[in-house]
Amino acid sequence: MAGQTTSDPTQTRRSSRGAPTAWRPVGVWLARRAASAVFVLWAVATLIFVAIRLIPGDPAEAIMGGPGSQASAEALESARVDYGLDRPVGVQYLTLLGHLATGNLGTSYSLKIPVSEVLAAQLPGTLGLAVGAWILAWVVALGLALYSGLGGRGASAVGSALEIAAASVPHFWLGSVLVLLFSSAWRWLPPVSNGTVAGLVMPIVTLALPLAGFLGQVMRESMVTALNSPFALSARARGESEAGVVLRHALRHAALPGVALSGWALGSLVSGAVVVESIFARPGLGRTLLEAVTLRDVPLVTGVALVSALAYVVVMALSDLAERLIDPRIRGR
Amino acid sequence: MPVVPRPARPASLAASLLASLLVLTGCAGSGGPGGSASDDTPVEGGTLVYASGDAEPTCLDPHVGGNYPQALLAGQYLETLYTKDEEGKIVPWLASGAEASEDGLTWTLTLREGIEFTDGTALDAATVKANIEHLQDPDTASSTGYLAVAKIKSMDVVDDSTLTLNLSAPDSALLESFSMPWVAIESAQALERSQADNCAAPVGTGPFTVSKWTKQDSVELTRNEDYTVPVDGADHAGPAHLEAITWKFIPEAATRYAALQSGTVDMIDNAQPDTIKAAEDAEDIDHLDAPRPGASNRIELNSSKAPFDDAKVREAFIRAVDVQDGLSSLFFDTAERSYSALSSVEPMGYSDESAFERDPEQANRLLDEAGWTDRDSQGYRTQDGKRLSLTFPVSTNQSVPAEQSLFQQFQATAKEVGFEVKLDLLDLSSWYDVLGENHYDLVSAPYTKVGPDVLSILFHSSNTVPAPSGYFANHAQVKDKKLDALLEEASATTDADERQAKYTEAQKIVLEGHYLLPLYDQQNHFLYSTDLHDVGAMTAVASPTFHDAWLAK
């Protein structure tokens, strides 16, 4: 960070030559990414496999009707055989890895259908919600950063206050307040998804605002630091307007920490989705996870965790790429 | 039916925090004209949008597992051999009658003729036999319906409309059992499909059929155009007025009510006390209060270990806590206090207010007599250096926020006489684990069943023995030979008066033994738009049916 605040990446671009050999680092980069993705997925699958066995309770019971089932000993035994739970733990673990390697996520204990089918049905809902919220969060955060950067000391204080407020609001509180105001009291928006754009407004806003607050805070900080840097001073000396300094030079600095936080932002979106999908009764992976945990549906929990891990790996790779595009200093690395 | 899972509520805190705000907005939002349909002629067509706060079933066939959310939905597309009329009497429905032999071991069941399932197959004796066999098949994994038909040992098809049932022991609750949606009759041809297929779209004789199930969103139900035989007492014969029902799942109570207020949905269930209160002022919303049958909502006192192995300590706890105050402040008087082990809709329920009068002085005296005479620095009673401490595991899936708050109030009033109550909020699986390990002194567990036979499930000593999963229903762990004998005799008798006498005596033993603290009926509140007319028809387990309902819009 310290290096970024004193030199302008737009200036260093001029000195960066040797573009023809850029493919080699890209190949290495891709290979490294793929390897780390496999490692992350393996680690997640292993961790869950171990954790599930540490929790008291019989998975056969989860298969035969869930908590409090009155399944007979014979019924439980036949479920154990059907799902391979009667075999040694080592064999179960290797079987799991073998299935995962071939893309087989197993059968849901509670729904008795392939986990991949459940995930395929629920992924689009969560993806749409998360992408919508992510875009809105960036727009709001950048807007606040620009407003703070251009508006002077007073605007900076207002921006800061708004960001802190947004960042500290829990999803469940924000969602409930929005429902009470916009659906119960004023009746402007439907409280649950009804297939229209209006039904998407409150869920996306609920998920986006806290994230926008966090992103806005880090972006504004870097922008203010950048505006006080020597390169900003020299740009002004060249006759650049204040808006030009902000848009052409400082914005790049502002965006970098936001991009670096993408992995964390994804985590916030996924955990937020659990709450938001429940409040607004939206189908999606968050609610699937919540219900799978309640019913101790091991394959489904594992499936959702693996999809989240995969999303994390992809987002980290994309944010790494984005950082390289924004900041030429790290391109050669 | 022991399990009534409600979805976990990550935002239940928000709901309680915002309860007061809700009341305000409820008042502000009731501007519509409402109740404008002065005309009582039913309107044909339209789609009813229903929002359920219960957990989305994992299987739409109530034979599999068997919980209340399944019963709520199944009432629209499946029908039962018997049902309950408006006076609470058990009456034939798909059956035309049933007669028991002198010894009560053989029943002859006759069926209505000319009834067809929505797949075109006919209802006959072989179909009923296949259904009972389906319930008894371990692969079906039925928990509720399975128990209801447990005494049926074998069946003989006499002719198309006559079936003989051979029982292992007399069962005076058999017809009540046949009225429950968990024992509903499905097409035998449909039952032969894979369980996954049958779970996705069970086939019955009801006024609607399952046409589409979008997981986590809704179940689409379409009118059965060939529907002919409604239950006796229905307003009209023939197909339903409504063309379709969209059955949505909205787990959050505040969202559900907002959806009703904004007109996104026409009816909601699981209405919470704050919402019911708010809706009282809304002109365009009506309230339906339909207590569930079976047991009352009660706190059971685990008599199998100290300190509740001493009846004096049990009575002291019951006399110490203040229930009425909580019902006013937390339930806004939407729940009426119960003094019975059974629901107020059970005709054989026995109520004894005097057994539950609050009397802290008496509680103190009883604890002194029981030897809990010392107090520690925090004011709790002790005996031989051991604190008078009670563990109270609470299932967050089965207790609504208002009830959890009520238990917290009990904590405070019990402390006044020297009890320490340790509340432990748990998810459903952990809760069952704790019960299975006998790590509890107090517990509240709902149990829905039709008829007083629920007493045998809750208080017969044989039900202190856990199933392989650890589940058992006699949480008070009552082991009383005289009580066991009474319950067995009540189950075996074919005489209604004798049955009533036996069950009354059994209830007296349980109440006078201070094994439980009744709170209120199992709450079952619905709110609906005044555009929706002729609501109120119910299955035997108080879940609404919509054959007569119509929408004026």
Side-chain angles (χ1 to χ4, degrees), chain A residues 55-58 61-76 78-79 108 110-113 118 121-122 125 170-173 175-177 179-181 183-187 189-194 274-275 277-284 287-288 290-291 293-296, chain B residues 2-3 5 7-11 13-15 17-18 21-22 25-26 28-29 51 55-56 58-59 64-66 138-139 141-143 146-147 195-196 199 214-217 248-252 254-259 261-265 397 427-433 467-471:
Chain A
I55 300 172
D58 184 351
E61 198 189 302
I63 299 165
M64 299 307 286
S69 91
Q70 291 159 57
S72 64
E74 299 80 47
L76 291 176
S78 87
S108 156
S110 60
L111 299 168
K112 315 273 190 296
I113 54 174
V118 182
Q122 303 304 338
H171 289 121
F172 68 80
W173 189 86
S176 304
V177 167
V179 166
L180 285 178
L181 292 180
S183 298
S184 282
W186 301 328
R187 308 195 181 185
L189 290 168
V192 292
S193 70
N194 59 354
V274 175
V275 176
E277 286 172 2
S278 294
I279 291 179
F280 297 102
R282 284 182 57 80
R287 252 169 103 193
T288 303
L290 194 65
E291 269 160 40
V293 168
T294 310
L295 297 169
R296 300 216 170 157
Chain B
V3 196
R9 292 179 173 80
L13 182 62
L17 277 176
L18 294 163
L21 185 50
L22 186 67
T25 53
E56 178 176 6
T58 52
C59 174
V64 178
D139 284 341
S142 166
S143 281
Y146 162 81
L147 286 180
Q195 190 175 92
C199 281
T214 311
K215 298 256 164 63
Q216 289 185 21
D217 184 56
K248 290 182 84 72
F249 302 100
I250 305 185
E252 264 307 304
T255 312
R256 208 156 56 240
Y257 184 52
Q261 283 179 306
S262 62
T264 312
V265 306
N397 299 75
D427 74 281
L428 203 56
S429 298
S430 313
W431 184 78
Y432 275 116
D433 288 345
S469 70
Y471 177 81

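What you see is a predicted model; the values in this text were computed from it and never measured. Just so it is clear: chains get the letters A, B, ... in the order the sequence lines come, proteins before strands, and each one is counted from 1. FYI, side chains are in, hydrogens and waters are out, and symmetry mates aren't considered; it's all heavy atoms of this structure.
- Atom-to-atom distance recorded for R187(A):CZ and S262(B):OG is 7.0 Å, nearest 0.5 angstrom.
- Contact count against chain A (heavy-atom pairs under 4.5 Å) is highest for A259(B) among A51(B), G263(B), A259(B), C59(B).
- The two residues R287(A) and P251(B) have their closest heavy-atom pair at NH2-CD, 3.6 Å.
- Under the side chain to side chain contact (heavy atoms under 4.5 Å, CB included) criterion, Y146(B) pairs with S142(B), not counting sequence neighbours.
- Nearest heavy atoms, P283(A) versus D217(B): CG-CB, 3.8 Å.
- Two residues are said to be in side-chain contact when any heavy atoms from C-beta on lie closer than 4.5 Å; T294(A) and N397(B) meet this criterion.
- Salt bridge absent: D139(B) and K112(A) never bring a charged side-chain N and a carboxylate O closer than 4.0 Å.
- Going from atom CG of D427(B) over to atom CG of L290(A) covers 10.5 Å, rounded to the nearest 0.5 Å.
- The shortest heavy-atom contact between T255(B) and P191(A) is CG2-O, 3.7 Å.
- With E252(B) as reference, I279(A) is the one residue of V179(A), V192(A), V275(A), I279(A) to meet the side-chain contact (heavy atoms from CB on, under 4.5 Å) rule.
- Looking at S183(A) and Q261(B), their side chains never bring a donor and an acceptor atom within 3.5 Å of each other.
- Ranked by non-hydrogen atom pairs under 4.5 Å with chain B, the options G284(A), A121(A), P190(A), G175(A) are led by G284(A).
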Evaluation steps, side chain to side chain contact (heavy atoms under 4.5 Å, CB included), between L111(A) and K215(B): CA-CA 10 Å; L111(A) 299 168; K215(B) 298 256 164 63; 4.2 Å; yes
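- Using a 4.5 Å cut-off between heavy atoms, S110(A) touches chain B through backbone and side chain atoms alike.
- Interface remark: E277(A) contributes no atoms to any contact with chain B (heavy atom separation under 4.5 Å).
- Of the two parts of S108(A), neither the backbone nor the side chain holds a non-hydrogen atom closer than 4.5 Å to a non-hydrogen atom of chain B.
- When heavy atoms are compared at a cutoff of 4.5 Å, T214(B) does not approach chain A at all.
- Separation of atoms CD (Q216(B)) and CD (E291(A)) is listed at 5.5 Å; rounding is to 0.5 Å.
- Residues passing the side chain to side chain contact (heavy atoms under 4.5 Å, CB included) test with L189(A), sequence neighbours excluded: F182(A), A198(A), V201(A), M202(A).
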